[in-house]
Structures are given as structure tokens and as C-alpha cells.
*Asks:* 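I am attaching a structure below and will ask some questions about it afterwards.
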Amino acid sequence: MQQLQQISNRIFYLPPYQETDRPVLGAIVGDKKTVLIDSGNSSSHAKLFLSQLEERHIKADWLVLTHWHWDHVFGMREMQMPIISHAMTYQEIKQLQQLSWEDNALDQRVEAGIEIPFCADAIKAELGNDRTILLPDPDIAFEGGMKLHLGGLTCVMEHVGGDHSSDSIIIYIPEEKVLFLGDCLYANLYAEKWNYTIETARQLVEKIEKYDAETVFLSHHEAPLNKTEFESFIQLLKNTAELTEKHKGNDEAIAEELSKQLQRELNELEIETVGFFVNGYSG
Ligand SMILES: [Zn+2]
């Protein structure tokens with residue numbers, strides 16, 4: 001079972017759980033108000049988070065959603081508080097409200113190519129036999145950006161989009177130099193071949209790299225990244241985008257030059273990143 005972690009006296013998080021695709025859930029505790037980040041992938045995930053916060057006498061005032069994907073929103077009904085999301089996330093949740101999550105409905109969507117096989121499996125594993133998902137409408141929908149003042153802490157939200165999900169927002173807490181990225185740095189998984197595209201990746205990086213962050217949360221990374229790790233991930237996306245353009249999507253040429261730049265063999269993440277850019281290359 002995931003245990004609540006504390007990285008400062010104001011920032012808490014529940015680590016992810018790969019087996020059923022549970023993402024990181026965050027809590028930002030100001031002097032006056034507390035914000036939660038994402039609702040989890042089920043009622044039980046949300047309840048686990050809320051109960052561990054309660055043990056520490058933390059009561060939340062607002063919930064912010066990073067994007068619409070199931071694993072970030074299925075716990076919404078347990079969150080008895082105003083819900084804030086991007087306007088596109090709001091629209092996507094309206095769509096999700098129409099869907100059934102029973103085996104046959106999920107299998108049909110997988111077959112039609114509109115649901116990801118590993119998500120369907122994770123949904124079945126996480127929810128068991130209770131597939132009733134009640135998704136309330138978010139209460140507040142914004143475009144561009146928004147700030148929440150928590151008392152001694154600011155919660156800066158900005159829409160950044162990206163290949164993973166075009167509604168993605170990030171949450172930055174300047175006083176703590178903490179950045180919650182949701183899934184925005186991951187590839188587009190709702191595609192036949194998982195991919196990054198050059199222009200979208202560049203625009204995303206440009207929006208994100210301006211944040212001065214010492215601790216960076218990616219929702220499915222076990223531990224947050226430090227500044228150096230974050231910068232090298234950003235640099236990898238930039239370099240690979242550049243080389244994909246230069247070598248016109250030629251897998252081997254990109255990998256070879258990237259390896260030359262780094263003066264070593266590529267690691268697993270680098271090989272995967274090259275593959276995703278090649279998949280997204282359209283000339
Ligand atoms: Zn996602």
C-alpha cells in the first residue's frame with residue numbers, strides 16, 4: 001500500500017503504484033488553504049489518500065486535475081470539495097461520463113483502437129467488479145492559467161498541452177520550488193505507435209523549462225526528479241527533437257549522433273525517446 005510522503009512541511013504526496021497505474025497524488029498545504037492534485041484512479045485510491053491526509057490533520061479545500069485521463073479522475077466523487085480543471089479537461093470529463101467501464105465495453109473500445117490495452121487491464125484490476133464510475137463536473141474551468149493563494153504559498157497553474165494529452169496543465173509552487181508536471185512529459189499513448197512530435201514537444205519544453213524547480217513530480221515516476229535529473233530529461237527531449245528533424249526520422253542516425261553527443265552508449269530512456277520521436281515523425 002502506498003504511504004504518504006512529506007518533502008517539506010507544506011508538500012505531501014502519495015507515490016504511484018505501477019500495477020494498476022495509480023499516479024502520484026499531491027497535497028499543497030498553505031497557511032489558509034490546501035490544494036490536492038489529482039483524484040486518483042478509483043474511489044479506493046482517493047480514500048487511501050484522504051485518510052492518510054486526515055491522520056495528519058490535513059483537510060483540503062480544492063482539487064486540481066492535471067488532465068482528463070482515467071487514472072487521474074476516477075476518484076473524483078470521493079473528493080467533497082470544489083474541483084478545478086482546464087476547460088478542455090472539463091469537456092473530456094463530460095465525454096467520459098457517457099462511457100461504460102464493464103468488460104465488454106472496454107474490450108470493444110480496445111478493439112476499435114480508442115482505448116489502450118494496458119489501461120483497460122489496469123481499470124479491470126483496480127476497480128474489480130464495481131465498475132460504477134461517478135464523475136462530477138469540475139466546478140471551475142480555466143483557460144491559459146490561474147493562481148491560487150493558499151496563505152504563504154502560491155499555486156501557479158498553467159496550461160502546457162503536449163503530445164501525451166493536449167489539456168495538460170502543470171502546477172508550480174514558487175515558494176517551495178516544486179513543480180507537478182502530471183503526465184505532460186510522457187509520449188502520446190493514444191496512438192497506434194506511442195509517439196512524440198517535434199513541434200509539440202518543442203512548445204511544451206519551452207513552456208516548462210522557465211520554471212525554477214528543485215523538485216519535479218512526474219505522475220508515474222516512483223520518486224520526484226531533482227533539478228539535474230529534470231534538466232537532463234528536458235535536454236534529452238530537445239536534442240532528440242533536433243536530431244529527428246536533422247536526420248528526417250532515421251532511427252539509426254539519430255541514435256548514433258545522440259550517443260556521440262553524450263559520449264557513451266544510450267540508456268533505456270534515451271533509446272525509448274528516440275523511438276517515440278521516430279514514431280511521431282511525419283516528414
Ligand atoms: Zn495521462
Side-chain angles (χ1 to χ4, degrees), residues 2 13-26 36-42 45-46 49 63-76 79 83-97 99 101 106 109-110 113-127 133 135 138 141 157-172 179-197 200-201 203-205 207-208 216-225 230 233 237 269 272-273 276 279-280:
Q2 306 89 67
Y13 74 99
L14 197 65
Y17 178 67
Q18 302 302 344
E19 276 68 12
T20 59
D21 213 22
R22 288 182 168 186
V24 164
L25 303 181
L36 301 187
I37 298 174
D38 283 337
S39 75
N41 71 352
S42 62
H45 190 202
F49 187 41
L63 169 69
V64 175
L65 301 173
T66 59
H67 64 301
W68 66 269
H69 290 164
W70 77 279
D71 48 322
H72 301 257
V73 304
F74 272 17
M76 271 166 84
M79 304 285 188
I83 300 172
I84 302 170
S85 80
H86 189 266
M88 288 162 75
T89 311
Y90 178 95
Q91 290 305 334
E92 293 288 351
I93 287 169
K94 300 297 283 179
Q95 299 295 319
L96 289 182
Q97 289 167 349
L99 301 179
W101 306 96
L106 277 169
R109 292 205 293 278
V110 168
I114 48 180
E115 184 55 89
I116 305 167
F118 91 82
C119 288
D121 291 342
I123 289 169
K124 292 172 188 175
E126 174 68 32
L127 301 179
I133 300 295
L135 296 170
M157 298 179 279
E158 186 190 351
H159 175 239
V160 295
D163 286 301
H164 181 81
S165 194
S166 55
D167 63 327
S168 283
I169 65 156
I170 57 89
I171 295 111
Y172 178 60
L179 182 60
F180 285 88
L181 289 178
D183 287 355
C184 77
L185 281 188
Y186 299 134
N188 175 8
L189 313 185
Y190 283 91
E192 206 174 309
K193 290 177 171 178
W194 293 7
N195 69 80
Y196 288 119
T197 58
T200 307
Q203 286 166 14
L204 174 67
V205 162
K207 286 183 179 165
I208 285 173
V216 179
F217 288 93
L218 278 72
S219 292
H220 297 278
H221 271 53
E222 192 57 40
L225 306 184
F230 174 53
F233 197 166
L237 291 175
L269 174 70
E272 184 184 72
T273 304
F276 290 164
N279 289 344

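Predicted, not measured: the structure shown is a model, and the values here were computed from it. In listed order, ligands and their atoms are each counted from 1. Excluded from the calculations below are hydrogen atoms, water molecules and symmetry mates; all remaining heavy atoms, backbone and side chain alike, are included.
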*Asks:* Once rounded to 10 degrees, what value does the angle at the Zn ion (ligand 1) take between NE2 (H164) and OD2 (D183)?
*Replies:*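 Taking the Zn ion (ligand 1) as the apex, the two atoms subtend 100°.
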*Asks:* Got a second to check how far I133's CD1 is from W70's CH2, nearest 0.5 Å?
*Replies:* 8.5 Å
*Asks:* Consider side chain to side chain donor-acceptor pair (under 3.5 Å). Of N195, T197, N188, which one does D163 pass it with?
*Replies:* T197
*Asks:* Restricting to N, O or S, what is the name of the atom of H67 that lies nearest the Zn ion (ligand 1)?
*Replies:*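 This turns out to be NE2.
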*Asks:* Mind checking whether H220 and D21 have side chains closer than 4.5 Å, heavy atoms only?
*Replies:*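 H220 vs D21: side chains touch.
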*Asks:* I'd like to know if the side chain of D183 and the backbone of S165 have a donor-acceptor N/O pair within less than 3.5 Å.
*Replies:* no
*Asks:* Would you mind naming the N, O or S atom of H69 nearest to the Zn ion (ligand 1)?
*Replies:*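 Closest N, O or S atom of H69 to the Zn ion (ligand 1): ND1.
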